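The structure displayed is predicted, hence computed values, not measured ones. Starting from 1, each residue takes its place in the sequence as its number.
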Amino acid sequence: MMEVDAGVDAGCKPGDDCEPPVITIEQPDGGQTLVGEVDIAGTVTDNSQVAVKVELLIDDQVVDYNDMTPLRWSFRINTAAYTDGQHTLKVRATDRAQNQSMVTKSVRTEKIQLPTCPADTWLMIYFPNQTLSGTPGFARCESQDIDYDWDSGAVPGTLLNDSYSVSWVGNFTFEAVEYEFSARADDGVRVFIDDAQVINEWRHQTATTFTYKKVMTAGSHKVRLEYYEETDVSEISFKWSKVP
């Protein structure tokens with residue numbers, strides 16, 4: 001259920017602006033469970049037709065704010081920052097004359113659940129920091145080769161252009177021959193085979209290719225790729241091939 005609270009000064013004098021802004025939350029729906037990165041959005045109008053200060057509060061704590069010119073406003077949150085369970089979401093609008101109104105919704109948040117990926121595919125895990133730490137922003141299974149060039153933009157579906165990290169892990173079938181593993185990254189990259197580190201270039205750098213050769217035994221082996229982006233261009237690719 002959404003509650004609306006608009007405050008008007010009972011002692012308002014003639015000629016004063018005593019009309020509070022009108023604010024709505026269009027998404028999410030009340031009672032909805034929010035998972036991962038979520039957009040909070042709605043509308044605001046005011047009789048003054050100038051910028052209105054809009055604040056997002058979760059459990060009565062201001063987590064973001066902005067001066068919004070009517071009509072649209074939006075914020076993005078990551079549920080990884082909150083405990084699983086029920087939370088009170090409020091959006092408060094304050095106009096130039098300090099008139100206020102607020103809308104309230106009750107929502108649930110849940111941290112993401114890591115999927116179980118089949119053999120010979122990747123489990124990709126994204127973190128909104130450079131250290132592969134904390135609660136992931138999202139995770140998914142990927143069957144395609146790791147070959148990404150996000151230029152100066154963010155990973156699709158995420159917010160950060162810089163200062164994030166990603167890991168890929170999976171169990172893959174190899175033959176009993178020598179393989180060359182090749183990783184190209186801007187910025188940091190690490191590669192592990194059966195949890196043994198074989199490439200360690202964890203630093204800020206332009207796109208650079210690193211290789212490692214290893215004779216594999218026949219069967220399934222765990223492969224893990226770790227990557228972080230600091231600033232500017234974002235690029236990561238990883239592959240392996242048999243050595244002739």
Exercise. Do you know which of F138, F127, Y228, Y126 makes ring-ring contact (aromatic ring centres under 6.0 Å, His included) with Y164?
Worked result: Y126
Exercise. Do K53's NZ or CZ and the ring of Y65 fall within the cation-pi criteria of under 6.0 Å and 45°?
Worked result: yes
At their closest point, which heavy atom of [X] faces which heavy atom of [Y], and how far apart are they?
X    : Y    : answer
Y227 : L132 : O-CD2, 4.5 Å
W73  : V44  : CD1-N, 3.9 Å
D46  : E19  : OD1-O, 3.7 Å
A185 : G188 : CB-O, 4.3 Å
T206 : D186 : CA-OD2, 3.7 Å
G137 : P128 : N-CD, 3.9 Å

For this session: Would you mind checking if D187 and R203 are paired as a salt bridge, meaning a charged N to carboxylate O distance below 4.0 Å?
Result: no
Exercise. Does the pair D17/R96 count as a salt bridge with the N-to-O cut at 4.0 Å?
Worked result: no
Hey, are the side chains of [X] and [Y] touching, using non-hydrogen atoms and a 4.5 Å cut-off?
X    : Y    : value
L89  : L57  : no
K222 : V169 : yes
T79  : E110 : no
I236 : D149 : no
I40  : L56  : yes
N161 : S152 : no
V91  : I23  : yes
F172 : F174 : yes

Exercise. When you look at Q27 and D39, which way does the side chain to side chain contact (heavy atoms under 4.5 Å, CB included) test go after all the steps?
Worked result: CA-CA 7 Å; Q27 65 181 76; D39 288 321; 3.5 Å; yes
Without hydrogens or angle criteria, can the side chains of [X] and [Y] be said to hold a donor-acceptor pair below 3.5 Å?
X    : Y    : value
W150 : E235 : no
S106 : Q86  : yes
S163 : Q130 : yes

For this session: Check step by step if side chain to side chain contact (heavy atoms under 4.5 Å, CB included) holds for R224 and D195.
Result: CA-CA 8 Å; R224 184 168 84 251; D195 294 322; 3.2 Å; yes
Donor-acceptor pair, side chain of [X] and main chain of [Y], under 3.5 angstrom:
X    : Y    : value
Q197 : I193 : no
D194 : A196 : no
D95  : A97  : yes
S165 : N129 : yes
S101 : P21  : yes

For this session: Go through the steps to decide whether T94 and Q98 satisfy the test side chain to side chain contact (heavy atoms under 4.5 Å, CB included), and finish with yes or no.
Result: CA-CA 6 Å; T94 306; Q98 300 303 303; 3.7 Å; yes
Among all residues two or more places apart in sequence or in another chain, which pass the side-chain contact (heavy atoms from CB on, under 4.5 Å) test with [X]?
X    : value
E26  : T24, T43, R72
T88  : D59, K90, T104
E180 : T211, K213, V243
A183 : V189, V191, I199, F238

Could you state whether [X] and [Y] fall into the same hydrophobic cluster, counting links through intermediate Ile, Leu, Val, Met, Phe, Trp or Tyr residues with side-chain heavy atoms under 4.5 angstrom apart?
X    : Y    : result
W168 : F210 : yes
V103 : V22  : no
V107 : V38  : yes
I146 : Y212 : yes
V166 : F192 : no

Problem set entry | Evaluation steps, side chain to side chain contact (heavy atoms under 4.5 Å, CB included), between Y82 and V63 | CA-CA 11 Å; Y82 305 96; V63 298; 3.5 Å; yes
If you measure from [atom1] on [X] to [atom2] on [Y], what distance do you get to the nearest 0.5 Å?
X    : Y    : atom1 : atom2 : result
T121 : N171 : OG1   : CG    : 9.0 Å
L225 : S167 : CG    : OG    : 8.5 Å
E142 : C117 : CD    : SG    : 9.0 Å
W240 : Y179 : CH2   : OH    : 9.5 Å

Exercise. Got a sec, which pairs hit salt bridge (Lys or Arg N to Asp or Glu O under 4.0 Å) with one end in residues 129-138, sequence neighbours left out?
Worked result: none
Seminar exercise, completed: Contacts satisfying salt bridge (Lys or Arg N to Asp or Glu O under 4.0 Å) that involve residues 161-178 (not counting sequence neighbours) are E175-K242
